[in-house]
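Below, chains carry the letters A, B, ... as their sequence lines are ordered, and counting in each starts from 1.
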Amino acid sequence: MTAPSIADREFCAAIRGLSVRFGDRQALKGVDIDFPAKRISVLLGRSGSGKTTLLRSFNRLNECFEGYEGTGTVKLGGIAGAPDSLEEVNALPLSRLRRLVGMVFQTPNPLPLSIRKNLLLPLTLVAGLETDEAEEAMKRSLTAVGLWKEVADRLDRPAFSLSGGQRQRLCLARVLALEPEILLLDEPTASLDRLAAAVVEDLILSLKGRYSIVMVSHSLAQAGRLGDFLAVLTDGRVEETMAASALPKGAEAEKFLEKLL
Amino acid sequence: MRIVFGSPPPPLWLKTLAFSIGGMLSAVFAFILFSALSAAFQGGGLSLFGPVWAPYAEKFGLGPMIHASLLLSASSLCAGWLLSLGCCCLLRGVGPRCFARVLMGILRFMTAIPTVVYGFAAVFALVPLIRNALGGSGFCWLAAGTMLAVQGVPTMALIMDGALRSVENDVFLTAAALGMTPLQTLSRVVIPASRPWLVSAAVLGFGRALGDTLLPTMLAGNAVRFALSPLDSMRTLTAHIGLVLSADIGGGENLSLLLAGGLLLLGSVAVSLLARRVSRGRNDEAA
Amino acid sequence: MMKRREKFLLCLSWGSGLLICGAVGTLLVFLLARGGPVFGKELFFDSTPPMDALLGLKPVWNGIWPAVMGTFFLLSLTLAFAALPGIGCGVFLACYATPKQKYRLGLAVDLLAGIPSIVMGLFGFVLIVYLRRTVLPNGTTCLLLSSFCLALLVLPSLVVGTRTALETLPRYISLTAAALGFSHGQTVWRLLLPAAGQGILGGLMLALGRAAEDTAVIMLTGVVANAGLPSGLTSKFEALPFRIYYTAAQYATQRELDLGFGAALALLLLSGSLLLCAWGFQRGLERRWRGVR
């Protein structure tokens, strides 16, 4: 097993010496890692190994939790004009950072508003679009996630009237409408049934190449299907990184899985 | 994990609005305590706390009113607290479910009954009953205490019910598996475990009984004396303020009512602080 | 074999349950039996044509219409005084305050909530006496003063209601909003407040119910038994609860007594419907969040 040669690619993120603690719980202990641009990177690890915390350090969402203390740098690529420059996340205004780094959560979390408002409110408040531009963007992104046909005639119904899979696609559409550079997906299929999960997985694959995607997954199979680059976290540290093609097969995979879970 | 926000500066106008509450509170305290203090100095201090109320002899002692206030609120609290506890047990499995539902509806409806309506109905129903059955005028400690107890039930019962319900949810399966009846579960496990809530219900109930004006004024007869028998007439501090002010008399009576206001304010502060302490102790225990 | 403690508890339960049911039942039957027959046009307007009374063209002497209107004006003014600071303080406590501010303001709200209404009335009285001595030599107890003191009385329940409505919203809303790049202000005003709106309205109704029934405050700050319709903010006024209180102590004729029972029934209906509204709003809010918390 060799470390992937990602040095010749562009990075979407470079993280150095990142330590995060919440109160007296140390979630990350000095993480150094680079993520490739325009690829799907998958974070694997036991629950509590710091995957979600690492993901949330991209858009500084960790700061929303009680007792947060963090050191180290997180630099993101392509978010400050020049495509090959890396920019420190703390240097950007928060709302701009979070617009450019979109996040989808494990549990679909539509806001308590109508389907239409769920998309329009971030577009008008965060991206500052006029209403008619925003309507256009809404239609584009709902089409992109294959939801437009299903909801076109009930845009003013509450978002909670949608099924679980539809809700998750709505959340994805809401993020895509803001035209992010980087997509963070926190176990996006974990709370869905198998069929809905397959639809969302296909959707993620179709976004490959257009966005830099970093996702947390609990399933090695899913990581193999979707990922280009894998990182394994154990107890707040990066244990191993590899290209997806280097994933062990057969009996080797069993051993690898055991180590992981 | 609790989600908190970074440290967003609140809009100034909102902060001003919020802190205006503090301003108003201090205004109330300043006015009441200042007038009470100046009344105490003008009226010769201690004599205002004396046991003798004889306006014609220039004696304005508040002793009987303090006695009546404490006696009335303590007695009605005891009765009301027991009633509330009983209602809660009935709600939590002692009584049949359909009856529990009706009782819950009644308790909730009771929060909407205005105090003055309780008083009004009691004047024309309870007072004649006491007069005919036990003698006297009927306007007495017993009448006011009964109505005060009933009036305080919904507040206390709803607090207790919330507490008993949450404890019961935790233990009822275990207790049932051990073969305990609902009644045994309540009396041996649930009620002892919710003691802090029962105490804070009592503290709040005491505060409300102490501060109530209408029921004592309408039902207790308002004679200034140290009442000892339940059929005696009595005048509480709250009733004293209302009666003297609406009669529009000057001089020593006015001083005494200002002092009564100050006493009631201090009493309410003590009760609020005690209630906070009890509920803080409760949270610590839970954590 | 039942132990003594269980026996006592069983007796206590049934005894108090039946007693409470009996007491409330008696109260309702009694009020309905005495107030029901007089409840009608006569009760409110006496012999004045209702339209004339509604438009204020002709005074109503022997009905409770002036008291109803007095209560209505009192409630509107109280709402005007209390709504903004009450809701504002609730929002501040739930969404902006630092722990230290939370502790201090929470203490202030608790203390204010504990003050008996008669003391609040006394405050109004002392305040107007002070104002007369200083800047307002002609000042007297009036509608404005009453509603100000009532506003102080109901402020705490408004603050607590608003704060609870906001703090019981599902936590994920603010996290989602942060992830989408909403500023804190946008999250509060565009998402959290609309989402908690029904709960806040419910709290408002409960506060109004409390203001509608309170008698001790207005007794010391300007209510009178006979004033007709209030003629202005600085005039004396009538109010339903005082009408009832006054009847119990001072009624002279059977007609006055009937009016008292009618007024008691009317006040009960008013506070009952305010409570129903409050439940309706809060139930709606609960149903909306069931299963998404």
Looking at every heavy atom in both [X] and [Y], which two are closest together, and how far apart are they?
X	Y	result
C/Tyr96	C/Gln101	O-OE1, 4.5 Å
C/Ala23	B/Val150	CB-CG1, 4.5 Å
C/Ser16	B/Leu83	CB-CD2, 3.2 Å
C/Leu93	C/Lys102	O-CE, 3.0 Å
B/Ala112	C/Leu275	CB-CD2, 3.6 Å
B/Val189	B/Met180	CG2-CE, 3.9 Å

Quick one: what part of [X] sits under 4.5 Å from any heavy atom of chain C, side chain, backbone, both or neither?
X	result
B/Thr115	both
B/Ile191	side chain
B/Leu214	side chain
B/Ser187	both
B/Ile32	side chain
B/Thr238	both
B/Thr146	neither

Name the option with the most non-hydrogen atom pairs under 4.5 Å to chain C; the candidates are [options].
options	value
B/Val117, B/Leu14, B/Ile106	B/Leu14
B/Pro11, B/Gly95, B/Ala275	B/Pro11
B/Leu82, B/Leu258, B/Val271	B/Leu82
B/Ile21, B/Val123, B/Leu103	B/Ile21
B/Ala125, B/Ser26, B/Gly267	B/Ala125
B/Gly86, B/Gly211, B/Ser35	B/Gly86

C/Tyr130 atom OH, over 12 foreign heavy atoms within 6.0 Å: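 Counting neighbours around OH of C/Tyr130, 12 or fewer heavy atoms of other residues, nucleotides or ligands fall under 6.0 Å, so no.
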
Other residues, nucleotides, ligands: >12 heavy atoms within 6.0 Å of C/Arg5 CZ: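 Buried by this count: over 12 neighbours within 6.0 Å.
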
Identified side-chain contact (heavy atoms from CB on, under 4.5 Å) counterpart of C/Pro241 within the set C/Thr215, C/Leu270, C/Val223, C/Val217: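 Exactly one candidate clears the test, C/Thr215.
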
Test: B/Arg276 cationic atom under 6.0 Å from C/Tyr103 six-membered ring centre, within 45° of axis: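 Yes, a cation-pi geometry.
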
Distance (rounded to the nearest 0.5 Å) between B/Phe99 CZ and C/Leu18 CG: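 The CZ atom of B/Phe99 sits 5.0 Å away from the CG atom of C/Leu18.
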
Do you know which of [options] has the most heavy-atom pairs with chain B at a distance under 4.5 angstrom?
options	value
C/Ser117, C/Gly272, C/Gly260	C/Gly260
C/Gly25, C/Ser271, C/Ser273	C/Ser271
C/Ala108, C/Ala248, C/Ala264, C/Ala97	C/Ala248
C/Leu111, C/Leu268, C/Ile118, C/Leu12	C/Ile118
C/Pro116, C/Cys89, C/Ser13	C/Ser13

Could you look at [X] and say if it's the side chain, the backbone, both or neither that has a heavy atom under 4.5 Å from chain B?
X	value
C/Leu155	side chain
C/Val129	neither
C/Leu265	neither
C/Leu28	side chain
C/Tyr245	both
C/Trp279	side chain
C/Leu105	side chain
C/Tyr251	side chain
C/Val24	side chain
C/Leu31	side chain
C/Leu84	both
C/Ile244	both

Side chains of B/Leu273 and C/Leu107 in contact at under 4.5 Å (non-hydrogen atoms):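 The answer is yes, as the side chains (C-beta and beyond) meet within the 4.5 Å cut-off.
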
Aromatic ring pairing C/Phe261/B/Phe124, orientation class (parallel under 30°, perpendicular over 60°, tilted between):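 Correct class here is tilted.
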
Side chain B/Trp81, main chain B/Phe206, donor-acceptor under 3.5 Å: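 The answer is no, because no donor-acceptor pair under 3.5 Å joins these two groups.
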
B/Asp161 side-chain N/O to B/Cys88 backbone N/O, donor-acceptor pair under 3.5 Å: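 Looks like no, no N/O pair under 3.5 Å.
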
Verdict with reasoning, B/Met147 to B/Met218, per side chain to side chain contact (heavy atoms under 4.5 Å, CB included): CA-CA 11 Å; B/Met147 289 319 283; B/Met218 294 173 91; over 6 Å; no

Side-chain H-bond candidate by donor/acceptor type, B/Thr155 with B/Arg208, under 3.5 Å: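 Side chains of B/Thr155 and B/Arg208: pair found under 3.5 Å.
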
